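Residue indices begin at 1 and follow the sequence shown. Both counts, for ligands and for their atoms, begin at 1 and track the order of listing. It should be emphasised that the depicted structure is a prediction, and the values quoted were computed from it without experimental measurement.
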Amino acid sequence: MKFKKNILCIGAGYVGGPTMAMIAYKCPQYRVTVVDINPIRIAEWNSDNIPIYEPGLGEIVKATRGRNLFFSTDIEGGIRDNDIIFVSVNTPTKTFGAGAGMAADLQYWEKTARQILQYSVSSKIVIEKSTLPVKTALAMEKILNYTKNSVSFDVLSNPEFLAEGSAIRDLENPDRILIGCQDTKSGLAAREALLEIYANWVPREKIVTSNIWSSELSKIVSNAFLAQRISSINAISALCEKTDADITEVSKAVGMDSRIGSKYLSASVGFGGSCFKKDILNLVYLCRHYGLDDVADYWESVVRINQYQQERFTLNMLTAMFNTLTDKKICLFGFAFKANTGDTRESPAIYITRRLLEEKAEIVITDPKALRNAKADLTDMEGKVSFVEDPYQAAEGCHAIAILTEWDVYRNLDFQKIYDTMTKPASIFDGRNIIDHKRCFDIGFNVYPTGKPALTHS
Ligand code: NAD
Ligand code: UGA
C-alpha cells in the first residue's frame, strides 16, 4: 500500500510510543515507524506486553500495529526511508562535568542528530519532540547542515505536553499543539507539513505557532509553572499542620478564584516524574548562564520545597512513631510517581523508602503497576525491602501505612480488615489525602493527613 506520508520517530519511550501510536491511529493514510537503540524495548512494543502502562494505549497499539504503525531497531533504514523525523530521545539531567546536576545531558540527542546526518540520502524535516534547552535547534541545524550537499534539513520544535497516566486523553484532546520554526521559506513549509499531520484530529485554533526559541522555552516554562503550584500548596500544607487549618479547604477556597484555578493544587508527598525536576534545574542553569541569578534562585526554590516536603513527610513519621523506626514494619501504599502509571522515575517513594531504611525500618511495598520498576530502583537494598501485590497482605503485621501514590484502589479498601491484622498502635500517614480520615480514626488508627490536623487516640 502507498502511504501519503512516511513518519519516523527516534526514541520509543513514554513519549515516542504513545504519540506515534496516536498519529498512526488518527491518520491511517500515514506510515509511522518508531525506532530505538534498545532492542528489548522494541521487542516489548512488538509483543502483547507493551513496555508502558498507560490507560487506553494497549487498544490503540493493537488497532494500528502492523497496519501503519511499526516498531523497529533499524535506525539506519528508518532515517533513510522517512522524510519526517520526530526525535524523542531522553534528555536527563547531566551527572558529570560542567553543569552536573543541573544542565540537560544532550549526548543522546546529539548522537541522534549525527545519525540523521550520516544516514540521510534525501532532505528531511527533523522535529524536536524531546524537551530541550533553548537554542538546541540551532545546534541541531549546525550539525545537520555542516556538510553542504543537496540534502538539507529543517528543524522544528514541537514539544510534547502529555502527562503520564492520562497520555491518551491528552494526545487525543490536547490543550494546544505548539510548533516553532525558523522564519524562512523552507522553515515555514516544514511547519505546514507538520501542521497537516495534527490537523487530522486537532482543531486548527488549538495549533499554536511561534518562533523556534519561544517554543523550546515554553515547554520548560509550562513544567516549571505546574511544579511551582505544587510547591506553593505543599509549602502551605506545612503551615496548615502548625495552625490547624485544613489544606483541602484552603486549596478549594484559593482555587475557586478564576484567576488562580483549581488544578495542580493538591498537596502531596511532593512531585515526582522524570521531567519537573529536570526541566526546572535546566531552567535554573540557563538563567545562571545568562547571569540571571535572582531568577535562577526563584525557580530553584521550587525544587528545594519539593525536597523539603519529602523530608518533612519522613520526619513526621519518625516523630509520630515515638522517634524511633528501628525494626518497625512500614507498608508503602504506592510506589509510582502518580496514579495510573507504572513509572517510578524521581518518585518521592524512592527517597522516602531510602530515608526510612536509614532509620532501620523494615519496608513492604505494594503498588498495582509499579512493582517491577520499584524492584529495579531498589536493587541495592535487596533483602531489606519486600514487594507484595495485594495491599491487604502487604499491610499485615505492619506498624504503619504510608500512602504515597493516589491510586483509586486505595480509596475504597476495607480499612477495618487492614487494621485488624496490623501491629498496634497502628498509624496511617496519608501523603495524598485520599482516604476517609475520620472513618480510619474511628476504626482505631492514628491518622496523619498532609496539611491537616492529625487524628490521634493518645
Ligand atoms: P524515555 O527514556 O522513556 O525514552 C527515550 C528513548 O530514547 C529510550 O527508549 C532510549 O533507548 C531511546 N534512545 C536514546 N538514544 C537513542 C538513539 N541515539 N537512537 C534511538 N533511540 C535512542 O524518555 P521519555 O519519557 O519518552 O522522554 C523523552 C523526552 O520527552 C524527554 O526529553 C522528556 O523530557 C520529554 N517529555 C517526556 C514526557 C513524559 O511524560 N515522560 C512528557 C513530555 C515530554
Ligand atoms: C508533567 C506535565 O503535567 C506534562 O504537561 C508534561 O508534558 C510532562 O510533565 C513532561 O514534560 O514530562 P507528568 O509528570 O507525567 O506530566 O504528570 P503530572 O500529572 O504533571 O504530575 C507530576 C507530579 O506532580 C506527580 O508526582 C503528581 O502526583 C504531582 N502532583 C500533581 C501533585 O503532587 N499535586 C497536584 O496537584 C498535581
S.K.: Checking a contact table here: which protein heavy atom is nearest atom 26 (O) of ligand 2, and how many Å away?
M.R.: Phe337 O, 2.7 Å
S.K.: What protein heavy atom lies closest to atom 35 (C) of ligand 2? Include the residue and the distance to one decimal.
M.R.: Ser266 O, 3.7 Å
S.K.: Could you identify the single nearest non-hydrogen protein atom to atom 7 (O) of ligand 2 and state the distance to 0.1 Å?
M.R.: Leu162 O, 2.7 Å
S.K.: What atoms in ligand 2 come closer than 4.0 Å to a heavy atom of Lys219?
M.R.: 6 (C), 7 (O), 10 (C), 11 (O)
S.K.: Return a yes/no value for Glu160: is any of its N or O atoms, backbone included, closer than 3.5 angstrom to an N or O of ligand 1?
M.R.: no
S.K.: So which protein heavy atom does atom 3 (O) of ligand 2 come closest to, and at what separation?
M.R.: Tyr264 OH, 3.2 Å
S.K.: Polar contacts were defined as any N/O atom of the residue lying under 3.5 Å from an N/O atom of the ligand; does this apply to Thr131 and ligand 2?
M.R.: no
S.K.: Ignoring angles and geometry beyond distance, decide whether Lys129 reaches within less than 3.5 Å of ligand 1 through its nitrogen or oxygen atoms.
M.R.: no
S.K.: Starting from atom 30 (N) of ligand 2, locate the nearest protein heavy atom and write down its residue, its atom name and how far away it is, to 0.1 Å.
M.R.: Ile230 CD1, 3.4 Å
S.K.: Counting only heavy atoms, which portion of Asp170 has something under 4.0 Å from ligand 2: side chain, backbone, both, or neither?
M.R.: neither
S.K.: So which bit of Ser88 gets within less than 4.0 Å of ligand 1, heavy atoms only: side chain, backbone, both or neither?
M.R.: backbone
S.K.: Please state which protein non-hydrogen atom is closest to atom 33 (O) of ligand 2 and give its distance, to 0.1 Å?
M.R.: Ser268 OG, 2.6 Å
S.K.: Could you tell me the residue and atom name of the protein heavy atom closest to atom 22 (C) of ligand 2, and the distance to it rounded to 0.1 Å?
M.R.: Phe276 CE1, 3.6 Å
S.K.: Quick one: look at Leu132 and ligand 1, take heavy-atom pairs under 4.0 Å, and tell me if it's side chain, backbone, both or neither.
M.R.: neither
S.K.: Can you check whether Asn38 has an N/O within less than 3.5 Å of an N/O in ligand 1?
M.R.: no
S.K.: For Asn49, does the CG atom have more than 12 heavy-atom neighbours from other residues, nucleotides or ligands under 6.0 Å away?
M.R.: no
S.K.: Given that the side chain starts at C-beta and the backbone is N, CA, C, O, which of these parts of Val89 lies under 4.0 Å from ligand 1, counting heavy atoms, or is it both or neither?
M.R.: both
S.K.: Quick check on contacts: which atoms of ligand 2 are under 4.0 angstrom from a heavy atom of Glu160?
M.R.: 7 (O)
S.K.: Can you tell me the protein heavy atom closest to atom 21 (O) of ligand 2 and the distance?
M.R.: Lys338 CD, 4.0 Å
S.K.: Measure Arg432 to ligand 2 on non-hydrogen atoms and call it side chain, backbone, both or neither using the 4.0 Å cut-off.
M.R.: side chain
S.K.: Please could you name the atoms of ligand 1 that Thr91 approaches to less than 4.0 Å, counting only its heavy atoms?
M.R.: 31 (C), 32 (O), 34 (O)
S.K.: Strictly by modelled atom types, are Gln309 and Arg312 linked by a side-chain donor-acceptor pair under 3.5 Å?
M.R.: yes
S.K.: Just distances here: any N/O of Lys219 and N/O of ligand 1 closer than 3.5 Å?
M.R.: no
S.K.: Compute the shortest N/O to N/O distance between Lys111 and ligand 1 and return yes if it is under 3.5 Å, no if not.
M.R.: no
